[in-house]
Amino acid sequence: MTHDKDPEIRFVTATLTYLSYFIMIVIGHIRDFGGAVTGQTRYKGAKTKKGYADLFKSWESFFTRRLYHRLQDCWNRPLSSGPGVYVDVMERDTKDGNCTLQTTGKSTRCMNLGSYNYLGFADDWKETCRDDVVQAVQDWPISMSSSRVVVGNAAVHDELEELVANFVGKESAMVFAMGYGTNATAIPALMGPGSLIISDSLNHTSIINGARNSSSLIRVFRHNDPAHLEEVLKEAVVKGQPRHHRPWTKIMVMVEGIYSMEGAVCRLPLIVEICKRYKAYIYVDEAHSIGALGKSGRGVCEYTGVNPADIDILMGTFTKSFSGMGGYIAGSKDVIAHLRRHSAGIQYHNSLSPVVCQQILTAFKVIMGQDGTDTGAKKLAALQSNSNYFRSEMIRLGLHVYGHMDSPIIPVLIYLPGKVAAFSRECLKRGVAVVVVGFPATSVVLSRARFCISAGHTKADLDEAVRVIDEVASLVGIKYCNSGLGY
C-alpha cells in the first residue's frame with residue numbers, strides 16, 4: 001500500500017465553491033419570496049396544512065427545493081439492465097424545471113463506473129453462479145417470512161455462517177438481511193451506557209447511527225490518523241467517564257477496511273498496536289474490503305498482515321464483492337451468542353433470503369477456488385490491476401484523486417456544485433455512467449465523482465473511460481493539479 005498525502009483544495013477553489021452555494025441560496029430565497037407574493041410556484045402543494053406544525057425542518061425543505069432539485073437528474077437514475085460493466089440507463093425528462101422527472105421509454109447503453117460489482121459476478125453470473133441459485137429457487141422459498149429466532153432459520157443460513165467464519169478467520173459468525181442494518185443493530189447490542197466508542201471521523205453513517213443508538217459516549221479521531229487515535233484513547237483512559245471519572249465499562253475503536261467515500265485503506269497495523277496498548281476493543285467494517293483486498297480476497301487483515309485474532313469484531317457486507325445482499329458479524333463464539341440474543345437485526349428483522357444465501361455461498365466458493373477453477377484468483381488479480389491502472393490514469397490527467405493504490409474505490413474531487421452536475425451529465429452523454437457525490441454525503445467543499453472499478457472491466461473499457469473523462473474534465477474544468485480553476 002503506497003499513498004502520498006491527499007491533494008488539498010486550493011484557496012481560490014474553496015472560495016468559488018462557497019460562493020456557488022451562496023449564490024444558489026440567495027436565488028432560492030428570492031424565488032421563494034416571488035412565489036409567495038405572486039402565487040406562481042412549482043411548490044404550491046408544499047405548504048403546511050393550516051393549523052399543523054411543519055413536518056420538515058425549513059432548511060431541509062429549502063435545500064431540497066432550491067439546491068437538490070437543480071441537480072437531481074444526476075442521481076437515482078433508473079436502469080433497465082443488470083449492474084454489469086455495461087448498463088442501460090433509462091432516459092428521463094422534466095416539464096417543471098427538474099422538480100419531477102419522468103422516464104421517456106428510451107434508454108442509453110453506458111459503461112458502468114458506479115456499481116459495487118468489484119469481482120464482476122454481475123457480468124458472468126450465468127457461468128459462475130446461475131445453476132446453484134436456480135436450484136436454490138427450487139429447494140427453498142424466496143422468503144422465510146419470519147425472523148431467525150422465530151421460524152426463519154434455515155440450514156443454508158447455518159452453512160453460510162460457518163463458511164464466513166472460516167473465510168475471515170474467526171470462531172463464529174452471524175448473517176443479517178441488510179448491510180446497513182448490520183452495523184445499526186449490532187453496535188447497540190454490544191455497547192451501552194458507561195462505555196465509550198472512538199470512531200474514525202469519516203466512518204459510514206451506519207456506524208454513526210449504530211453508535212448513537214447505543215447510548216454510549218462517542219469520541220472521534222481524525223481520519224485514518226493513529227497518532228490522534230492514541231491521543232484520544234490516552235485522554236479517555238486517564239480521565240474516565242464525565243463528572244464522576246469512573247473507568248469506562250469498555251472502549252471500542254471503530255474503523256473501516258476501505259473508506260467508501262475516500263478510497264483509503266485503513267492503517268490497521270498501527271491502530272491494532274495502539275488498541276492493544278490501551279486495552280481497547282477494535283471493530284472493523286469490511287463492507288468494501290472483504291473480497292476486494294488481499295491475495296485471496298480475505299480483506300484488510302490479509303492485505304495489511306494483521307492476524308484476525310487481533311480484531312475483536314469483523315463486520316462485512318455481501319452487496320459488493322459477492323453480488324448478494326445483507327451483511328455479517330464475525331467474532332468469538334461468546335460475542336456471536338450475545339448478538340443472537342440481543343441484536344434487533346436478528347430478533348425482529350426478516351431473515352436473509354435462502355436464495356440470496358446460495359448466491360453468496362457460490363460466490364465464496366468461486367473466490368476460494370472450491371469450484372475447481374482459478375476464476376476467483378483471476379478476478380482478484382484483475383480487480384487489483386484494473387484499480388491501479390485507472391487510479392494512475394486519473395492522476396496522470398491532473399485530477400485531484402483521493403485514496404490508496406489497490407483500492408477499487410477511486411474518488412476524484414470536483415468541488416463546485418455546478419461542475420458536479422455538468423460532469424455527470426456530460427459523461428452520460430458520452431456513454432459513461434458515473435456516480436457523483438455532494439453535500440451532505442460529503443463536506444460542503446469536497447463534492448466528488450466516485451468511480452468503482454470492476455474485475456469485469458477490460459483494458460479497452462478503461463481506456464475508453466479515461467478518454468471520456470479526460471475530455472469531460474477539460475470541458476468542465478476539474479484538472480485542479482494544473483490550477484485552482486481546474487483548467
Side-chain angles (χ1 to χ4, degrees), residues 1-4 81-87 109-125 127-129 257-265 286-300 302-303 319-323 363 366-367 369 373-412 427 430-436 448-473:
M1 178 178 68
T2 58
H3 178 58
D4 295 325
S81 68
V85 167
Y86 286 88
V87 291
R109 190 70 170 169
C110 295
M111 187 188 304
N112 181 7
L113 292 179
S115 295
Y116 303 134
N117 180 33
Y118 293 151
L119 293 182
F121 282 113
D123 295 286
D124 59 14
W125 181 82
E127 292 76 35
T128 56
C129 302
I258 295 178
Y259 291 87
S260 59
M261 286 295 170
E262 312 303 311
V265 178
E286 290 223 73
H288 291 269
S289 54
I290 192 68
L293 283 182
K295 185 177 180 180
S296 61
R298 284 174 166 79
V300 71
E302 180 182 43
Y303 181 76
T319 50
K320 284 80 177 178
S321 296
F322 306 95
S323 290
V366 172
I367 293 169
T373 73
D374 61 352
T375 300
K378 288 180 178 178
K379 285 177 175 290
L380 290 164
L383 176 62
Q384 183 184 53
S385 175
N386 288 348
S387 300
N388 290 342
Y389 174 72
F390 190 83
R391 180 180 297 277
S392 297
E393 288 296 289
M394 294 299 99
I395 294 171
R396 180 184 65 80
L397 294 181
L399 307 178
H400 274 189
V401 182
Y402 273 6
H404 291 111
M405 297 297 283
D406 299 332
S407 168
I409 298 173
I410 302 171
V412 169
C427 283
R430 291 162 174 79
V432 176
V434 302
V435 170
V436 289
R448 65 199 64 179
R450 184 183 65 172
F451 301 115
C452 292
I453 304 303
S454 169
H457 287 117
T458 65
K459 176 71 160 43
D461 292 333
L462 296 179
D463 285 338
E464 173 61 15
V466 169
R467 184 194 66 78
V468 169
I469 292 167
D470 186 19
E471 180 181 324
V472 174

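All values below come from the heavy atoms of this structure, side chains included, with hydrogens, waters and symmetry mates left out.
In terms of the side chain to side chain donor-acceptor pair (under 3.5 Å) criterion, Ser407 has no residue partners (sequence neighbours excluded).
To the nearest 0.5 Å, the span separating CZ on Arg109 from OG on Ser81 amounts to 5.5 Å. One distance of note links OG1 of Thr458 with CD of Glu464; it measures 10.5 Å at 0.5 Å rounding. Rounding to the nearest 0.5 angstrom, the gap separating the CG atom in Asp470 from the CG atom in Leu399 is 8.0 Å. If you take CZ on Phe451 and SG on Cys427, they are separated by 6.0 Å, rounding to the nearest 0.5 Å. Distance check, rounded to the nearest 0.5 Å: NZ of Lys320 to CG of Leu119 gives 13.0 Å.
A distance-only check finds a donor-acceptor pair linking the side chain of Thr128 to the backbone of Asp124 [under 3.5 Å]. In this structure a side-chain-to-backbone donor-acceptor pair under 3.5 Å is present from Ser454 to Asn117. The main-chain N or O of Tyr402 is never found under 3.5 Å from a side-chain atom of Arg448 such that the two would form a donor-acceptor pair. Judged by distance alone, the side chain of Glu302 and the main-chain N or O of Arg298 form a donor-acceptor pair under 3.5 Å. Distance alone, capped at 3.5 Å, is enough to place a donor-acceptor pair between the His457 side chain and the Asn112 backbone. Remark: the backbone N or O of Gly84 is not paired with any side-chain donor or acceptor of Asp123 at under 3.5 angstrom.
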#### Entry: Intermediate values then yes/no, side-chain contact (heavy atoms from CB on, under 4.5 Å), Asp461 and Tyr86
CA-CA 10 Å; Asp461 292 333; Tyr86 286 88; 2.8 Å; yes

### Task
With side-chain contact (heavy atoms from CB on, under 4.5 Å) as the test, would you mind laying out the steps for Phe390 and Ile469 before giving the verdict?
CA-CA 11 Å; Phe390 190 83; Ile469 292 167; 3.6 Å; yes

### Query
side-chain contact (heavy atoms from CB on, under 4.5 Å) between Val432 and Cys110: does it pass, once the steps are laid out?
CA-CA 5 Å; Val432 176; Cys110 295; 6.0 Å; no

### Task
Applying side-chain contact (heavy atoms from CB on, under 4.5 Å), run through Leu380 and Lys295 and close with a yes or a no.
CA-CA 7 Å; Leu380 290 164; Lys295 185 177 180 180; over 6 Å; no

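A donor atom on one side chain and an acceptor atom on the other are found under 3.5 Å apart for Glu286 and Ser289. A donor atom on one side chain and an acceptor atom on the other are not found under 3.5 Å apart for Asn386 and Tyr118. Side-chain N/O atoms of Tyr303 and Asp406 include a donor and acceptor closer than 3.5 Å.
Put simply, the side chain of Ile410 does not reach to within 4.5 Å of the side chain of Cys452, judged on heavy atoms. Inter-residue side-chain proximity for Ile409 and Arg450 is flagged as met; some heavy-atom pair is nearer than 4.5 Å.
Contact between Ala455 and Ala382 at its shortest, heavy atoms only, is O-CB, 3.9 Å. The two atoms that bring Met261 and Pro411 nearest to each other are O-CG, 3.5 Å, heavy atoms only. Looking at every heavy atom in both residues, Leu383 comes nearest to Ile453 through CD1-O, 3.4 Å. When every heavy atom of Pro83 is checked against every heavy atom of Val87, the shortest pair comes out as CA-CG1, 3.8 Å. For Val401 against Met394, the heavy-atom pair with the smallest separation is CG2-CB, 3.7 Å. The minimum heavy-atom distance between Val265 and Val300, with the atom names listed, is CG1-CG2, 4.0 Å.
For Tyr116 and His288, the ring centers are positioned less than 6.0 Å apart.
With respect to the salt-bridge test (charged N to carboxylate O, under 4.0 angstrom), the residues Asp463 and Arg467 do not qualify.
For Lys379 and Phe121, the positive end sits near the middle of the six-membered ring, less than 6.0 Å away and at most 45° from its axis.
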